[in-house]
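The structure under discussion appears below in the form of structure tokens.
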Amino acid sequence: MKEEVGKLQIAAETWRPERVLEWAFDTFGNSVAISSAFGLEGMALIDMASRVRQSFRLFTLDTEFLFPETYNLMDQVEQRYRITIERIYPLSSPEEQERVYGPALWQRNPDQCCNLRKVEPLRRKLGELKAWITSIRRDQTAARAGAGKVEWDRNFVLVKINPIADWSSKQVWQYIREHDVPYNALHDRNYPSIGCTHCTRAVRPGEQDPRAGRWSGSSKTECGLHILQPPDNPPERDA
Ligand code: SF4
């Protein structure tokens, strides 16, 4: 599959997001799923997928530290699109994590906390899939700048599909408004990017970066799900 993706990659860059989704569903069937944290981009993508297919797989990494508004939106998604979100949990509850690693790990070692609560659960989930679909955009962070619409994911060793990689934030909002897509109530309260409660705050007046409220006060910009590993020592799995 890795070789096929390599051949397709350039052509896929000219495809509209709906065509990318169609290709993904046709090619991988039940072995592809959308991964979402229900941000604006994710909501646009879920709505688009619902117009391409009546049913599709959708999973989320529930760190158990999400905002009530996010859980509320998840309920709305299930009702509106008549799907059941596959909720993936960390191996340890928040209480077990505190017992083993001490209190407030997210303050002392956010990378370790993200590894336990996001990266390991994602790796576990992706182990049962041949491809995953994300709503990342290239202009969100430096780590996402090189994302292709269809690419081989060296980190997790499967196909990664990013149908709106070339969209701007403006295009996402336009889609949301045109299709009356529900979105997280926090977006209207100066939270352009929403993650866990412990690591997300509202963006303050004068802050230009929409992700300024994520891991504020630290240099961390990503939870580790979309950071490319150098090509030298990729983990191996049958392609
Ligand atoms: S975003 Fe914060 S609380 Fe959530 S998993 Fe990462 S470090 Fe932990």
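Nothing fancy with the numbering, it's 1 onward along the sequence. Small disclaimer: the values here were computed from a predicted structure and weren't measured. Read the numbers this way: they start at 1 and go in the same order the structure lists the ligands and their atoms.
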Salt-bridge test for Asp209 and Arg211: reply yes if a basic N is under 4.0 Å from a carboxylate O, no otherwise.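 Looking at Arg211 together with Asp209, the answer is no, because their closest N to O distance does not fall below 4.0 Å.
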Nearest to atom 6 (Fe) of ligand 1, what protein heavy atom do you find, and at what distance?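 Ranked first by proximity to atom 6 (Fe) of ligand 1 is Cys114 SG, 2.3 Å.
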Identity of the nearest option to atom 8 (Fe) of ligand 1, non-hydrogen atoms only, from Cys196, Pro121, Cys113: Cys113
Proximity winner for atom 7 (S) of ligand 1, if only heavy atoms of Pro90, Pro110, Ala104, Gly195 are counted: Pro110
Within the 4.0 Å heavy-atom shell around [X], which atoms of ligand 1 are there?
X      : value
Lys118 : 1 (S)
Phe65  : 3 (S)
Trp106 : 2 (Fe), 3 (S), 7 (S), 8 (Fe)
Arg117 : 5 (S)

Under 2.8 Å from atom 6 (Fe) of ligand 1, is there any N, O or S atom belonging to Cys199?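 Cys199 does not place any N, O or S atom closer than 2.8 Å to atom 6 (Fe) of ligand 1.
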Test side-chain hydrogen bond (donor to acceptor under 3.5 Å, both in side chains), reference Asn162, set Lys149, Glu151, Arg138, output is Glu151
Kindly confirm or rule out a cation-pi arrangement of Arg117 over Phe65, judged by NZ or CZ under 6.0 Å from the six-membered ring centre and within 45° of its axis?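 Yes, Arg117 lies over the aromatic ring of Phe65.
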So OG1 of Thr134 and CD1 of Ile34: to nearest 0.5 Å the spacing works out to 10.0 Å
Close aromatic pair by centroid cut-off 6.0 Å: Phe67 and Tyr191: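 Yes: the rings meet the under 6.0 Å criterion.
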Is the distance between the ring centroids of Trp132 and Phe28 under 6.0 Å? no
